[in-house]
Protein chains: 2
Amino acid sequence: MALDRDQVVDAAWHILRSYGLGDLSMRRLARELGVQPGALYWHVANKQELLSVLAQRMVAPLTGSGGSPAQIIGAFREMVLAVRDGADVVSVAHALDPEGMQPAPLLTSALVRSGRDPQDAATTALTLVRFALGAVTAQQTRESMDLPTATMAAEFEAGVRAILA
Amino acid sequence: MALDRDQVVDAAWHILRSYGLGDLSMRRLARELGVQPGALYWHVANKQELLSVLAQRMVAPLTGSGGSPAQIIGAFREMVLAVRDGADVVSVAHALDPEGMQPAPLLTSALVRSGRDPQDAATTALTLVRFALGAVTAQQTRESMDLPTATMAAEFEAGVRAILA
DNA sequence: ACCTGAACACCGTTCAAGT
DNA sequence: ACCTGAACACCGTTCAAGT
C-alpha cells in the first residue's frame, strides 16, 4: 500500500504537536513513515507547503464557530497556543493571505455585525490577528525556554480590550 | 592580531543586513572572518547569544530618543523593518525580557507622561510592541516572497491608533 | 589565550534509476 | 505512479590538540 498525502500530513501534524517545529524535518518525517526523504516530494511540493497545510489544520475548528470578536480572537489564541511553535507556523500562513486566512474573515463579519463599517472592521481584524500572533510568539518562545508566562493571558485580554474599545 | 568579540558581532551584523537570517550561519560567519567555525565559540556562547546582541544593536538608536507613544512605536517599526528578518531576531529578545527590552520601557514612561496610570501604561506598552512585531513579521515574510506590502504601513498606523484610543 | 582539525549528528532538495 | 539510492550543498556545537 502506497503512501498518500494525508499520511504525510498526519505524521507531520503528530511530530509538530508532540515535539515542535525543531523536530519536524523532512528527514525525520520520512524516517517516521518508513520511506526515503526524497519520497515525500512526490506528495508535497516542499516543506513550506506542508507547513501551510498544518496551519490550516490548526485553525480549522474556528470556521463556522460564532461568537463576539473578543471570543473569536480568544479561541484563535487558544488553538495556536495549544500547538508547539504554533505561532511560527500560523504567522507565515497569515502573511501569505492576511484577509483570507482565519480568523480574519470571521472577525471582520463579527465586527460588521457589531456595528462597524466594513473598512474599519477589516483593519481592526488585521490588528487583532497581528497582535495575537505577536503575543503567542512571545509566549511560546518563553515556554520553549522554561521561562514563566503567568501574566501573559491577562496581558492578551487587556490588549484585545484596548483594540476593541 | 587575534579575533575579538566585536569583530564577530560586526561581521554577523553585516551578513544579517545584507543577506538575512537564512545566510547568517556560524559556518558562513567563520568563513567571512577567515577562521574555523569552532573559533567563534571562544567569543560567543552560541548563536542565540549572538542574535540577542544583534537585536540590541537594532533598537539601540531608540534609547534616549523622546517623542509620543505613537512616534516611539513608529520609530521601532522602522528600525526593525530596515533589517532583513529583523522581526524574527527582535521577537526572541522581546520574549526573553518583555519589560526590559526597548521600546517597552520607553513607551511605558511616555504613556505615564501622557497621563496613564503606571499599570495601564505597562500593559499598553506590551500591546504596542507585540502588535508591532506581529505586523513587521507579516510584512517581512511577504517581502521575502516578493508579495506586495503597499497597504501595510497604513494598517500599522490604524492599529496603533486603535490601541492608543 | 586563542585557534585548528576533526568529528558528531544532523539539514532540504534533486533526480536518475528502479519497480 | 511511486519510491530508492545517492548525491549536493549545507547546518550548530564540541573538544582534544596545537601555538
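Because the structure is a prediction, the values reported are computed rather than measured. Sequence lines set the chain letters: A, B, ... in the order given, protein chains first and strands last, and positions in each chain run from 1.
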Salt bridge (Lys or Arg N to Asp or Glu O under 4.0 Å) against [X], all qualifying residues, sequence neighbours excluded:
X	result
B:D10	B:R57
A:D97	none
A:R142	none

(request) State, yes or no, whether a side-chain contact exists between A:N46 and A:M26 at a heavy-atom distance under 4.5 Å. (result)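 Not in contact.
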
[N] [atom2] sits how many Å from [X] [atom1], rounded?
X	N	atom1	atom2	value
A:Q7	D:dC2	CD	P	12 Å
B:D4	C:dC3	CG	P	9 Å
A:R28	C:dT13	CZ	C1'	20 Å
B:M26	C:dT4	CE	P	14 Å
A:L33	D:dT4	CG	P	11 Å
B:L21	D:dC11	CG	C1'	13 Å
B:R27	C:dC8	CZ	C1'	10 Å

Validation: residues 129-136 of chain B side-chain donor-acceptor distances under 3.5 Å, sequence neighbours left out:
from   : atom 1 : to     : atom 2 : distance (Å)
B:R130 : NE     : B:H94  : NE2    : 3.1
B:R130 : NH1    : A:E155 : OE1    : 2.8

(request) Could you list by number each residue of residues 39-54 of chain B showing a heavy-atom separation from DNA chain C of less than 4.0 Å, or answer none if no residue does? (result)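 B:A39, B:W42, B:H43 - these, ordered by number, are the residues of the stretch whose heavy atoms sit under 4.0 Å from the strand.
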
(message) Using the P atom as the point on both nucleotides, what is the distance between C:dA9 and D:dC8, in whole Å?
(response)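 Roughly 23 Å separates the two P atoms.
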
(message) Please give the distance between the C1' atoms of D:dC2 and C:dA17 as a whole number of Å.
(response)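 After rounding to an integer number of Å, I get 13 Å for this pair.
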
Could you go through nucleotides 16-19 of chain D and list every protein N or O atom that sits under 3.5 Å from one of its N or O atoms, giving the distance for each pair?
none

(request) Give me the one residue out of B:D23, B:L24, B:L51 that meets side chain to side chain contact (heavy atoms under 4.5 Å, CB included) with B:L16. (result)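 Only match with B:L16 under side chain to side chain contact (heavy atoms under 4.5 Å, CB included): B:L24.
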
(message) Show me the pairs that pass salt bridge (charged side-chain N to carboxylate O under 4.0 Å, His left out) and involve residues 75-89 of chain A, at least two apart or across chains.
(response) none

(request) Give me the other members of the hydrophobic cluster that A:V92 sits in, counting Ile, Leu, Val, Met, Phe, Trp and Tyr linked by side-chain heavy atoms under 4.5 Å, directly or via other members. (result) A:L96, B:M145, B:L147

(message) Taking Watson-Crick (N1-N3 plus N6-O4 or O6-N4) and G-U wobble (N1-O2, O6-N3), each under 3.5 Å, can you produce the dot-bracket string of DNA chain C? Use [ ] for crossing pairs and | for inter-strand ones.
(response) ||.|||||...|||||.||

(request) Using side-chain hydrogen bond (donor to acceptor under 3.5 Å, both in side chains) as the criterion, list what pairs up with A:E32, not counting sequence neighbours. (result)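 Here the qualifying residues are A:R28.
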
(request) Kindly write out the residues that satisfy side-chain hydrogen bond (donor to acceptor under 3.5 Å, both in side chains) with A:R5, not counting sequence neighbours, or none if the list is empty. (result)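 By the side-chain hydrogen bond (donor to acceptor under 3.5 Å, both in side chains) rule, A:R5 matches A:E49.
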
(message) Below the 4.0 Å mark, does D:dC3 have OP1 or OP2 next to a side-chain nitrogen or oxygen of A:Q36?
(response) no

(message) Going by side-chain contact (heavy atoms from CB on, under 4.5 Å), name the residues that satisfy it together with B:A11, two or more places apart in sequence or in a different chain.
(response)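 B:A11 satisfies side-chain contact (heavy atoms from CB on, under 4.5 Å) with B:L29, B:L33 only.
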
